[in-house]
Each structure stands twice: as structure tokens, then as C-alpha cells.
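For reference, the structure discussed in these notes is given below.
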Protein chains: 2
Amino acid sequence: MSLATASRVLNGSSRTVADSYRERVENAAAELGYTANISAQATAKGTSSTIALLVADIADPYFGIIAAGVMRGADEAGLVVTISVTERDDERELRLVRALRGQRPRGVIFAASRTTEVPSGGLQRELDAVISAGGQVVALGPGITSARSILIDNRGGARALGEALKQNGYDAAVVLGAPEGTYTSDERIAGFIEGFGEAGQVAVLRDGLTRVAGERAMARALGDGVPRGTVVFAVTDVVALGALTALRNAGRAVGSDIALAGFDDIPASRDVTPALTSVRIPLEDIGYAAFRAAVDDEWSAPEPMALEVRLRASTPRRSGG
Amino acid sequence: MSLATASRVLNGSSRTVADSYRERVENAAAELGYTANISAQATAKGTSSTIALLVADIADPYFGIIAAGVMRGADEAGLVVTISVTERDDERELRLVRALRGQRPRGVIFAASRTTEVPSGGLQRELDAVISAGGQVVALGPGITSARSILIDNRGGARALGEALKQNGYDAAVVLGAPEGTYTSDERIAGFIEGFGEAGQVAVLRDGLTRVAGERAMARALGDGVPRGTVVFAVTDVVALGALTALRNAGRAVGSDIALAGFDDIPASRDVTPALTSVRIPLEDIGYAAFRAAVDDEWSAPEPMALEVRLRASTPRRSGG
DNA sequence: TTGTAAGCGTTATCAG
DNA sequence: CTGATAACGCTTACAA
């Protein structure tokens with residue numbers, strides 16, 4: 001029989017094939033362990049079955065959980081996901097996207113924390129190229145206008161956290177954030193200040209969004225002197241974990257002496273002692289939503305994902321006020 | 001000029017091209033934002049530029065860090081890595097490998113904790129197919145004979161841990177492991193018993209290798225009664241973290257009352273209080289080694305990776321003995 | 001060094 | 001419903 005008929009039964013073509021043929025083809029395929037070559041399919045169809053995911057660091061559970069959500073969607077849809085690591089380096093990111101374009105991906109998802117600024121001219125050109133090749137661009141957070149954006153209410157979540165802490169009796173705060181211009185960090189800091197009180201009791205320290213940066217920043221703050229009863233807000237749980245280490249090294253008791261709160265609510269934040277106050281983000285759902293945005297024909301921007309403050313032992317209620 | 005010359009300059013062909021042509025091609029490519037279609041390249045060359053990585057759970061930092069190592073290698077070599085999640089389900093794994101074969105991957109890396117048993121007939125057939133399509137199969141741990149194996153001295157590490165704990169004055173232990181047949185778990189349990197003493201002071205409880213399984217198993221053990229001064233050895237840090245939760249819920253003081261040790265030394269184990277005793281595995285290096293095994297022409301099995309016991313506050317030295 | 005043309009494994013169009 | 005056959009975008013002998 002002809003190649004054409006075989007092809008028709010093996011890929012889910014709409015055309016129907018007589019059962020006798022269909023059966024013969026299926027048996028033969030099974031016997032020979034035949035699997036369609038997806039590269040060839042891609043060249044023939046002119047459209048690949050790949051979703052490209054960009055993360056800052058795959059070893060970071062924050063991105064790992066998002067990736068899990070993306071991959072759940074891809075699995076359901078029979079698509080393949082390739083992952084690349086930007087290391088939070090814009091130039092590297094640009095190179096990666098250019099290389100990724102060679103895959104003619106169905107979609108590219110930016111999960112890496114990008115900066116507030118619009119993409120550089122170079123990046124924008126690459127994104128346009130992705131789109132004109134038929135791919136969807138998806139971003140977590142705004143900033144990329146040519147992308148479908150999954151929005152997270154960072155500001156609202158941080159505001160709620162600030163309010164809750166204020167109500168728990170705290171009146172002075174140190175914020176550990178990223179350098180100005182990092183969108184997520186900026187939003188969280190702004191929201192926190194709104195909620196905690198514009199009175200000006202808030203000192204902001206800026207460093208990276210990694211564990212070691214958190215440790216470093218906290219140590220620096222301690223060097224400058226942090227009075228008892230202050231609450232430290234790290235814009236990320238990972239940063240908070242670093243701060244926790246610095247506080248311990250300095251012999252400060254977290255909770256009773258200095259309070260500590262993070263953001264993201266990654267699993268590790270529940271394991272530390274005292275358990276870390278944080279703001280829960282539905283990361284897995286976000287990954288899944290990003291996948292849908294990458295593949296759905298019809299799509300309308302969903303409501304920003306709601307966040308939830310989780311008060312834990314690291315920020316006990318202050319008796320004195 | 002001809003397509004052929006263009007092709008020769010764009011892909012790193014060995015053939016040389018006159019500089020005037022080369023320049024013209026490069027300029028044109030840059031101007032048009034042209035990027036070679038790697039699917040088409042793959043069909044033409046008959047060999048793809050993909051490495052397929054299989055992990056049990058990408059949200060688990062253990063696998064995340066391994067993935068980071070694999071991706072570092074792939075990045076250096078200009079290869080793409082696709083990740084799939086087995087969820088520790090053999091049937092699912094089989095389906096995944098079959099689907100992955102369609103990519104004609106240059107290599108497939110099994111990082112997912114596999115069982116002791118040889119692969120099922122079905123899986124073995126798929127692996128043979130991968131190999132006869134020119135792909136390398138790489139496995140973390142033994143069991144897959146047709147694969148290049150990256151070996152970890154789980155047994156030796158666990159033995160060293162057992163010895164160290166014994167010397168610290170412990171003489172009764174509870175082990176939290178996976179069901180019999182899970183290779184890594186079995187090795188670690190056996191090693192621990194060798195080191196801690198064959199006297200028979202060791203009770204083994206078996207459940208899954210997840211956090212919730214650890215919590216469940218520990219709760220069960222506590223229900224049966226665990227005397228003061230016992231050390232609990234969880235075959236995985238993730239399991240130990242679950243156990244830690246159960247111990248806290250039961251009001252038992254970790255360290256002074258019951259000691260706790262894990263394995264893998266994931267970052268989270270240093271953040272908990274008391275810090276968790278564990279056995280360090282160079283996960284990132286292992287990922288990188290797995291990548292090399294997948295792509296190098298010449299390869300000889302390296303020495304098993306050496307592990308290192310990290311004694312921390314969760315297993316203090318017992319004064320009484 | 002460059003061009004021509006065959007071929008890679010599929011899919012899709014268009015007649016039978 | 002089935003079968004030729006021309007694409008798909010690229011590589012690579014083989015000639016020129």
C-alpha cells in the first residue's frame with residue numbers, strides 16, 4: 001500500500017481509512033516499533049510541537065514548580081517542552097531566544113524575572129520573528145507588549161502582607177529587594193509600603209534575588225543596626241532564607257527579636273523554624289496558565305492571580321505594640 | 001548565489017567559502033533575522049540536536065539541580081534539552097520514552113529514581129530502538145544494562161553516615177525508606193545498617209520518597225512508640241523534611257529528644273532548625289557528567305562519585321552514650 | 001571554491 | 001477511500 005495511507009492512519013489525520021488497512025498499518029508499526037519522526041513532521045507541516053520555556057534558574061524551586069505546571073499542560077497536549085536558563089542575564093537571554101527560534105516553537109514562555117524596562121530592541125526583534133513564524137510569546141508579568149501576559153497581583157499581595165504585619169503590632173520594617181528596575185521586586189516593595197504605612201518607617205536595601213544576596217544584604221543591615229521588634233520583609237522566600245542564615249549567624253532570634261517575612265511561599269519556607277510568614281502564589285497553576293496562553297487559539301487575559309497572606313511563627317503578634 | 005553556498009556558511013560546514021561570499025551571506029542573514037530551521041536540519045542530517053531528560057519530578061530541587069547540570073553541558077555544546085516528568089510511574093515512563101523516540105534524541109538521560117529490577121521488556125525494546133537510531137542512553141545508577149551509567153556510592157555514603165552516628169553515641173535507629181525494590185533506597189538502607197551496626201537495633205519503615213510520605217511514615221512510627229535518643233534516618237532529605245514536620249506536630253524535640261538525618265544534602269536541609277545532618281551528593285556535577293556520557297564519543301565509566309557526610313545539629317553527640 | 005541535484009521522513013494536494 | 005507526487009527547508013555527494 002502507499003505511504004500516504006500509512007501516514008493517514010499514523011498521524012491523526014481527519015481523512016478516514018478503511019479498517020482493514022488501518023489495522024494492517026497499526027500492526028506493522030507496532031511490530032517494527034515505528035515512531036513518526038517529529039522533526040520530519042515539523043518540516044513537512046511547517047509547525048513544530050515544541051514549547052520553549054525560559055527560566056532564570058531551574059534549580060530554584062520557584063521556577064521548578066512553574067515548570068511543572070507548564071509541563072503538565074504540555075503533556076496533556078502531546079507537546080514537548082524545552083527549557084533554557086537565562087541566569088538573569090539579558091544578553092544571554094537574547095542569545096537564547098535567537099537560538100530557540102531555530103526550533104520554530106509553537107510558543108515561548110518567559111518565566112524568568114524580567115526587568116520593568118521594555119525588552120531591548122534586539123530582544124523585541126527576536127520576539128517579532130517568533131510571532132511572525134507563527135509562535136506565541138507568553139510572559140509572566142507585564143513589560144513585553146507583544147506577549148500574552150499572565151499577571152500576578154504582587155502589589156496587592158504585598159499590601160495585604162504589610163497591613164497584616166502592621167496590625168500585628170510592627171511599626172518599623174527593613175525591606176530586602178532587588179535593584180530598582182526589577183519589576184516583581186518593585187511592585188512588592190511598593191505594595192508593602194502602601195500596606196505597612198507610608199509613615200516612612202521602612203528602609204529598603206537592594207541586592208540580588210538569590211539566597212546569597214539575601215544573606216549578604218541582611219548582614220549589611222545588621223551591621224548598620226536593626227533594633228529589636230523590627231520586621232524584615234524579603235521580596236522573595238529565597239532571599240528570606242538567606243536573611244535567616246545571616247540573622248542566625250548574628251545570634252539574633254527570629255520571631256522574638258527580629259521578625260521575618262518572605263514572598264512566594266515555596267515549600268522550604270514552611271520547613272524552617274520558625275516557619276516563615278509569606279504570601280502564597282499558585283505557582284503550578286501559573287505555569288499551567290502560561291502553557292494555555294501559549295497554545296490556545298482563543299485567549300483573553302485572565303484576572304490577575306489572587307495571592308494569600310500566610311502568617312506564621314516568624315512574625316508573631318507583638319504584645320507591646 | 002546558490003543555496004548550497006549559503007548553507008555552507010551558515011552551518012559550520014568543513015568546506016571553506018570565499019570571504020566575499022561568506023560576508024554577503026552573513027550580512028543577509030543578520031538583516032533578515034534568519035535562523036536555520038533545526039527540524040529541517042535534523043531531517044536532512046538524520047540526527048537531531050536534542051537531549052531528552054527524564055526526571056521523577058521537576059519541582060523537587062534534587063532533580064532541579066541535576067537538570068541544571070545537564071543544561072549547563074547542553075548549553076556549552078549548543079544542544080537543546082527537553083524534560084519529561086515520569087511521576088515515578090513505570091507505565092508513564094514507558095509511554096514517555098516511546099513518544100520521546102520521535103525526537104530521535106542524541107541521548108536520553110534517566111535521572112528518575114528507577115527500581116532495582118531490570119527495565120520491563122517494553123522499556124528495553126524502546127531503549128534498543130533509541131540506540132539503534134543512534135542515540136545514547138544514560139542512567140543515574142545501574143540496572144539498565146544498555147545504558148552508560150553514572151554511579152553514586154550510595155552504599156558507602158550511607159555506611160559512613162551510620163558509622164558517624166554510632167560514634168556519636170546512638171544505638172537505636174529507625175529508617176524511613178522506599179518500598180523494597182527501589183534501588184537507591186535499598187542501597188542506602190543496606191549501607192546504613194552496615195555502618196550503624198548489624199546488631200539489629202534498626203527498624204525499617206517503607207513508604208514513598210516524597211515529603212508527605214515521610215510525614216506519614218514518621219507519624220506511623222511515632223504511633224508505635226519511638227524512645228528518646230533514637231536516631232531517625234530518612235533515605236532522602238525530602239523525606240526527612242516530611243519527618244521533621246511529623247516530629248514537630250507530635251511535640252518531639254528534634255536533636256535533644258529524637259535525632260534526624262537525611263541524604264542528598266539539598267539546600268533546604270541547611271535552612272531548617274536544627275540543621276539537618278545529611279550526606280552530600282554533587283548533584284550538579286552528576287547532571288553534567290550525565291550529559292557528557294550522553295554525547296561523548298569516547299567514554300569510560302568514571303569512578304563512582306564520592307559522597308561526604310555532613311554532621312549537623314539534628315544529630316548532636318550524645319553525652320551518656 | 002561553487003553550483004546542481006538528489007535525498008532526508010513526512011504531509012498535503014489532487015486525481016483516480 | 002486510496003495512490004502518485006510535489007512540496008517542506010535543509011544538507012551533501014558529485015560535478016563543474
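Convention: sequence-line order gives letters A, B, ...; per-chain numbering from 1.
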When you check the phosphate oxygens OP1 and OP2 of C/dG3, does a side-chain N or O of B/Thr5 lie under 4.0 Å from one of them? yes
Nearest-nucleotide check on DNA chain C, B/Asp19 vs B/Arg104; residue mapping nearer the 5' end is B/Asp19
Test side-chain contact (heavy atoms from CB on, under 4.5 Å) applied to B/Leu54 and B/Leu140, B/Val85, B/Val108, the passing residue: B/Val108
Inspect the contact between A/Arg92 and B/Asp75 and indicate whether a charged nitrogen and a carboxylate oxygen are less than 4.0 angstrom apart. yes
Under 4.0 Å, heavy atom to any atom of DNA chain C: which of residues 36-50 of chain B qualify? B/Thr43, B/Ala44
Distance, rounded to the nearest Å, where B/Leu3 contributes CG and D/dC14 contributes P: 20 Å
May I ask you to evaluate whether B/Tyr34 reaches the phosphate of D/dG9, defined as a side-chain N or O under 4.0 Å from OP1 or OP2? no
So salt bridge (Lys or Arg N to Asp or Glu O under 4.0 Å) across residues 42-56 of chain B, not counting sequence neighbours, yields none
What is the separation between atom CZ on B/Arg8 and atom P on D/dT12, rounded to the nearest whole Å? 10 Å
Please work out if A/Ala18 contacts a base, only the sugar-phosphate, or nothing of the nucleic acid, heavy-atom cut-off 4.0 Å. sugar-phosphate
Let me confirm one number: the CZ-CG distance from B/Arg88 to B/Leu209, rounded to the nearest 0.5 Å. 5.5 Å
Just checking, any donor-acceptor pair under 3.5 angstrom between side chains of B/Glu23 and B/Asn27? no
Just the rounded figure in Å: distance from P of C/dG16 to CE of A/Met1. 22 Å
Please give, in whole Å, the distance from C/dT2 C1' to B/Arg22 CZ? 14 Å
For B/Arg98, all residues meeting salt bridge (charged side-chain N to carboxylate O under 4.0 Å, His left out), sequence neighbours excluded: B/Glu126
Which of C/dA12, C/dT10, C/dT4 is nearest the side chain of B/Ser2? It is C/dT4
Checking contacts here: which listed nucleotide (C/dT4, D/dT12, C/dT13) is nearest the side-chain heavy atoms of B/Ser7? D/dT12
